[in-house]
Amino acid sequence: SLPRTVRIVEVGARDGLQNETTEVPTATKIELIERLAAARLRTVEAGAFVSPKKVPQMAGSKEVFRGLERRAGTAYPALVPNMRGFEAAIEAGVTEIAVFVSASEGFSQHNIGCSRAESLDRLRDVADAAAVRNIRMRGYLSCIAGCPYDGAVAPDEVAAMADALVALGCHEISLGDTIGIGTAGQIRNIIERVSAHIALEKLAMHFHDTYGQGVANVLASLQQGITTFDSSVAGLGGCPFAPGASGNVATEDVIYLLAGLGIETGVDLMAVATTGDWISRHLGRSNAARAGKALLAA
Ligand code: HMG
Ligand code: MG
């Protein structure tokens, strides 16, 4: 049976904007985050404290956090790759972090410049520092269904890295199909394999929509007992280190699916759709949220 409620982790302001080629002003980023929170998305990822040379779009994350008007009850996590990023995040007022590793070796090297094993070693300090300060730490695992550099990724490799993130102290593991290549049967197998060791409540699914499988994969995951999904308003994004990958599955499309199934998210779908339309215009890109566009046209 399907869950009654689902939590959406809105990643458009981070996973979405990190891939934009034109510079997005801080004020626009802040307005986007505030509008998403006002639409009652309770987790709105709001930035990344990474190398500005590698991801120029996230260079202003400090200013974003400083300028953000926060709503009580909404979490605004930020990506942190190392101690330098952790310290910068804390200074900017971040209270929840996300660390990120890859299930494949090739993407690890391209994304963060080190091996999988080394990435886990590097994150130990971050995990310790977060634990000392009582800061919740989410763990992202990329390339669960395939890697742009290595090709196929075995579910065993995914499970091993997911276990390592739990051992590091992550309260939640987000399993990312970075290049949006997975199909429902494959996703089911991965969830089955990973959830043999990790409680379903600790798992989130993070789909990119490159092959148009996002919503189908959300449904397959729901049927496996997953209750947390990452998505991005207007389907924004891609990944600078995964050439050709398109944006995340659109928040509007996911909520439309869930609403039809009678699953509560607490999110105001029309407010997200309007925000998706607004940010798409701002970025001069077409709105990739099919449900968002249809609702606004209706
Ligand atoms: P590195 O190049 O391996 O090593 O960086 P480094 O320590 O020599 O750093 C290189 C430069 O970055 C140096 O500057 C450092 O000072 C600086 P330079 O000496 O050349 O002038 N630096 C930093 N600057 C600001 N903040 C920091 C920081 N750390 C070092 N925290 C590092 C290692 C991981 C930092 C780098 O490779 C990096 O930032 N990579 C970017 C990774 C990234 O943000 N990727 C996108 C997010 S992950 C994702 O999108 C996937 C996800 O959505 C899930 C999915 O879909 O799969 C989460
Ligand atoms: Mg992603």
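Ligands are counted one by one from 1 in listed order, and the atoms in each one are counted from 1 as well. Heavy-atom basis, side chains included; hydrogens, waters and symmetry copies ignored.
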- Query: Which atoms of ligand 1 have any heavy atom of Leu79 under 4.0 Å away?
  - Reply: 47 (C)
- Query: Does Val55 approach ligand 1 within less than 4.0 angstrom via side chain, backbone, both or neither, non-hydrogen atoms only?
  - Reply: side chain
- Query: Going by an N to O cut-off under 4.0 Å, is there a salt bridge joining Asp277 and Arg281?
  - Reply: yes
- Message: Quick one, Asn82 with Arg122, criterion side-chain contact (heavy atoms from CB on, under 4.5 Å). Give me CA distance, side-chain angles, the key distance, then yes/no.
- Response: CA-CA 7 Å; Asn82 51 23; Arg122 283 189 190 178; 5.9 Å; no
- Item | Asn111: numbered ligand 1 atoms lying under 4.0 Å from its heavy atoms | 37 (O), 40 (N), 41 (C), 42 (C), 43 (C), 45 (N), 46 (C), 48 (S)
- Note on the structure: Checking heavy atoms under 4.0 Å, the part of Arg138 that sits near ligand 1 is neither
- Query: At a 4.0 Å threshold, what atoms of ligand 1 neighbour a non-hydrogen atom of Lys53?
  - Reply: 18 (P), 20 (O), 21 (O)
- So do His206 and Asp15 actually touch side chain to side chain, heavy atoms under 4.5 Å? yes
- Task: Specify which N/O/S atom of Asp15 comes nearest to the Mg ion (ligand 2), by atom name.
- Result: OD2
- Considering only N, O or S atoms of His206, the one closest to the Mg ion (ligand 2): NE2
- Message: Using a 3.5 Å cut-off on N or O atoms only, is Phe49 in polar contact with ligand 1?
- Response: yes
- Message: Tell me the nearest of Arg84, Arg14, Met58, Lys62 to atom 49 (C) of ligand 1, using heavy-atom distances.
- Response: Arg14
- Query: Just wondering, do Glu91 and Phe65 contact through their side chains at under 4.5 Å, heavy atoms?
  - Reply: no
- Side chain, backbone, both or neither: which part of Pro81 comes within less than 4.0 Å of ligand 1 when only heavy atoms are counted? side chain
- Message: Could you check whether any side-chain heavy atom of Glu69 comes within less than 4.5 Å of a side-chain heavy atom of Glu34, counting everything from C-beta outward?
- Response: yes
- Query: Which other residues belong to the hydrophobic cluster containing Ile179, where Ile, Leu, Val, Met, Phe, Trp and Tyr are joined when side-chain heavy atoms lie under 4.5 Å apart, directly or via other members?
  - Reply: Ile181, Tyr211
- Task: Would you mind running through ligand 1 and noting each atom that sits below 4.0 Å from a heavy atom of Gly85?
- Result: 31 (N)
- Message: Using a 4.0 Å heavy-atom cut-off, which part of Thr178 comes near ligand 1: side chain, backbone, both, or neither?
- Response: both
